There are 2 protein chains.
Amino acid sequence: MYDVAERSGVSIATVSRVYRTPDSVRAQTRERVLEAARQLGYVPSGNARGLASRTTGVLGLCFPDYSDPDTENEAAATDEDDDHAFMLYSDQIIRGMERAARRHGYALLIAASLKGGPESLVANVAGRVDGFAVLAGTVPTADLEVISRRLPVVMVAGRRGIDHLDHIVVANTDGQRTVTRHLIEDHGLRRLAFIGGEAASPDAEARFAGFQQACREAGLPMPDAPTMRATMMTQAEGFRVAEALLDRGGERPQAMLFANDQMAVGGLHALERRGLGVPEDIAVTGFDGIPLGRLVRPTLTTVRQPMRRLGEEAVELLVQRLADRDRDPVSLMLPVSLARRASCGCG
Amino acid sequence: MYDVAERSGVSIATVSRVYRTPDSVRAQTRERVLEAARQLGYVPSGNARGLASRTTGVLGLCFPDYSDPDTENEAAATDEDDDHAFMLYSDQIIRGMERAARRHGYALLIAASLKGGPESLVANVAGRVDGFAVLAGTVPTADLEVISRRLPVVMVAGRRGIDHLDHIVVANTDGQRTVTRHLIEDHGLRRLAFIGGEAASPDAEARFAGFQQACREAGLPMPDAPTMRATMMTQAEGFRVAEALLDRGGERPQAMLFANDQMAVGGLHALERRGLGVPEDIAVTGFDGIPLGRLVRPTLTTVRQPMRRLGEEAVELLVQRLADRDRDPVSLMLPVSLARRASCGCG
DNA sequence: ATCTAGGGTGAATGCGCTTTCAGAAGAGGG
DNA sequence: CCCTCTTCTGAAAGCGCATTCACCCTAGAT
């Protein structure tokens, strides 16, 4: 910048003005400066600008590493390997955030949490953005508490954790209740098994609560805990848990309700392997509405959540809070919708 | 940071060391500092750090706005609206880059080009990263020329443009030649129509070149230009162009080869609307291998490109150049593979 | 008891830019 | 021709951190 100033015979203040407030500089001067910048290959330093102006024009997103290790390592260019090319939860949120961020003139900084201590992740992201969104379970609450005192943070999904944060979730309980009632009322099923996640997963627990509600409302026995719990909510886990469920004896359930689609797809595979027909022998449902659910056979009945909108709304919340730091914390709940497909007996 | 230093009774230099080189500080001192930081809610400024250390730990990606405006505005929660939830070209590249970046300890800054002058985009991204990837056609060559003198840039797809850039493409020509030969040799088709993009699109032109080669090799008349040209390579354009092609009279082609999948899907819709059977009446092929291609009926025969790997390799190139600025420019060509599905008569 | 290494710490400088606050240069008005 | 009012431009003070360099202290060597 100093070079540009010198070469065009002005001060660095003027060079700065040329980029920040072009109209405040006489056209002729501006041209001289731009020409010099071009010749010198000048690229303004975003860091310096950020430092001086205390604002970066960047929003951040931290998400956990959702990748399904099994699908991840499949090699070869068969159609199979397209599967993991389908969007996961985080991908859609990224997309939504990117879109909304762009609309507001922000760029998006994304970082998945690395196993090696969230220290670096948080430091790298938090220090570089004007505000950011965190997918539940990515950043330890303690860290978040510290950071959220300095800049806007919106918690996406999960539990808010810190009550001065903005928060945005989908209607997990409501959605699971709806799909459960559908199985009970429309398909007449009564022996239902719910495959949950870890007790620490607020979303999975909220879904289970919906399952409980539906059972109670239908006069079915209301379980205290999920029939089975998966530890990872991946396909492999879904497969494993479904098999375990079948193996444990007793009367076979008429339906398996999985806490998310990835597990449900794994469950579908397990049932196929056991020679059980879906939905004739047993119905299956998921939750999320990932695209893969429409590709598997039978197609997967699920609860579709507006993942992209989740990302968009997250950005909106950030932008709003950036405009008014003192407004009350907002908590948004986005509606979900039932996707009736083949795996429950519809379609 | 000054506050933290004061509160813990050390100098700012020591605070800095606690975060950058923890081992160089006595454990007891370190704890005092960290505790003070915690109490004060200290978040290190990435900007300041970047300024002082002249490195950001962030890689960037600039991509054009690929969104398909038509699918974009479809409302309602029908299954239809899942379609645009499928990954596009850019999404997969983002995914690949994110993964690879994380492996190398970088975060990823993404920004789609906004219509309002690339000025801001480039300024926002280029000044904040250690290096970045550009999808062809996103940033004007002139700007790129300037920027690439200051930091590593890798051009993804398209034409390299500036010869000192690293560059990475897929085997467009080769892939289109393969799929064309497949139609000619395996399905015995001879009247082929190629729907290209704008003459300014290097990828589309490279694919057309492959089409030409295959025609020549098979002894078919070799066209000088694509049978039709689309202006946008979106579904809507594919639909429009396919109809135009049918309407222009003359003998109907036995196959339509689209320069990408999105157009091909649009073409499929047009043919269905006209009551033409695919592949009986006319075969259709695309290029890219987007997931949507497996969902449409008939499933779309296409050339699958390793989009995620494209992103991964881009990061590798950046990392390598960051390590050795003076090495010769690299130009990589990634192989593609033929996906034979129903729309050509296979599967 | 004196000397020598080191490890640990602080003072000071600069990274490249934004942003007041004044001052200089024109433009009209009296 | 002088004075006030606009425009434009420059000087200078940071923004929050990394990093040299010098310094001090302590432990082991002599």
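None of these values were measured; they are calculated from a predicted model. In the text below, chain A, chain B and the rest are named by the order of the sequence lines, each starting its count at 1.
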Subject >> Distance, rounded to the nearest Å, where A:L51 contributes CG and C:dT19 contributes C1' >> reply: 14 Å
**OP:** May I ask you to evaluate whether A:Y42 reaches the phosphate of C:dC17, defined as a side-chain N or O under 4.0 Å from OP1 or OP2?
**Re:** yes
**OP:** With heavy atoms under 4.0 Å as the rule, sort A:V15 into base, sugar-phosphate or nothing.
**Re:** nothing
Original post:
Are B:S24 and C:dG8 close enough that a side-chain N or O sits under 4.0 Å from OP1 or OP2?
Top reply: no
**OP:** Select base, sugar-phosphate, or nothing to describe what B:G9 touches, counting heavy atoms under 4.0 Å on all strands.
**Re:** sugar-phosphate
Original post:
Across the strands shown, which category fits A:V25 at heavy-atom distances under 4.0 angstrom: base, sugar-phosphate, nothing?
Top reply: sugar-phosphate
**OP:** Evaluate the side-chain proximity of A:L109 to B:R128: yes if any heavy-atom separation is below 4.5 Å, no if none is.
**Re:** no
Subject >> Value in whole Å for how far the C1' atom of C:dA11 lies from CE of B:M1 >> reply: 13 Å
Original post:
Taking only N and O in the side chain of A:S16, is any of them less than 4.0 Å away from OP1 or OP2 of C:dT18?
Top reply: yes
**OP:** Indicate yes or no: at least one non-hydrogen side-chain atom of B:H164 is less than 4.5 angstrom from one of B:E145.
**Re:** yes
Original post:
Rounded to the nearest Å, what distance is computed from the CG atom of residue A:L40 to the C1' atom of nucleotide C:dG16?
Top reply: 15 Å
Subject >> Side chain to side chain, B:D130 and B:Y106, heavy atoms closer than 4.5 Å >> reply: yes
Original post:
Is A:R32 reaching over with its side chain to a backbone N or O of A:S8, donor-acceptor style, under 3.5 angstrom?
Top reply: yes
Original post:
Which atom pair, heavy atoms only, marks the closest approach of B:P329 to B:R160?
Top reply: CB-NH1, 3.7 Å
Original post:
Less than 4.5 Å apart, any side-chain heavy atom of B:L144 and any of B:M155?
Top reply: yes
Subject >> Protein-nucleotide distance (B:Q28, atom CD; C:dG8, atom C1'), rounded to Å >> reply: 12 Å
Original post:
Going by heavy atoms in the side chains, are B:L151 and B:F132 under 4.5 Å from each other?
Top reply: yes
Original post:
Could you give the angle between the helix axes at the two ends of the helix from C:dA1-D:dT30 to C:dG30-D:dC1, with five pairs per end, rounded to 10 degrees?
Top reply: 40°
Subject >> Nearest-Å distance for atom pair CZ/P, residues A:R26 and C:dA25 >> reply: 12 Å
Original post:
In whole angstrom, what separates B:N47's CG from C:dC17's P?
Top reply: 13 Å
**OP:** Could you point out which residue of B:R321, B:R309, B:R103 forms a salt bridge (charged side-chain N to carboxylate O under 4.0 Å, His left out) with B:E316?
**Re:** B:R103
Original post:
When you list every nucleotide of DNA chain D with an atom under 4.0 Å from a heavy atom of chain A, which one comes first 5' to 3', and which comes last?
Top reply: D:dC8 to D:dG16
Original post:
5'-most contact on DNA chain C: B:S11 or A:S53, nearest heavy atom basis?
Top reply: B:S11
Original post:
Between C:dC17 atom C1' and B:R54 atom CZ, what is the distance in whole Å?
Top reply: 14 Å
Subject >> Whole angstrom value for the distance that separates P of C:dA11 from CZ of B:R17 >> reply: 11 Å
**OP:** Check whether any side-chain heavy atom of B:I110 lies under 4.5 Å from a side-chain heavy atom of B:L108, and answer yes or no.
**Re:** yes
**OP:** Decide yes or no for A:V129 and A:L59: does some side-chain heavy atom of the first lie under 4.5 Å from some side-chain heavy atom of the second?
**Re:** no
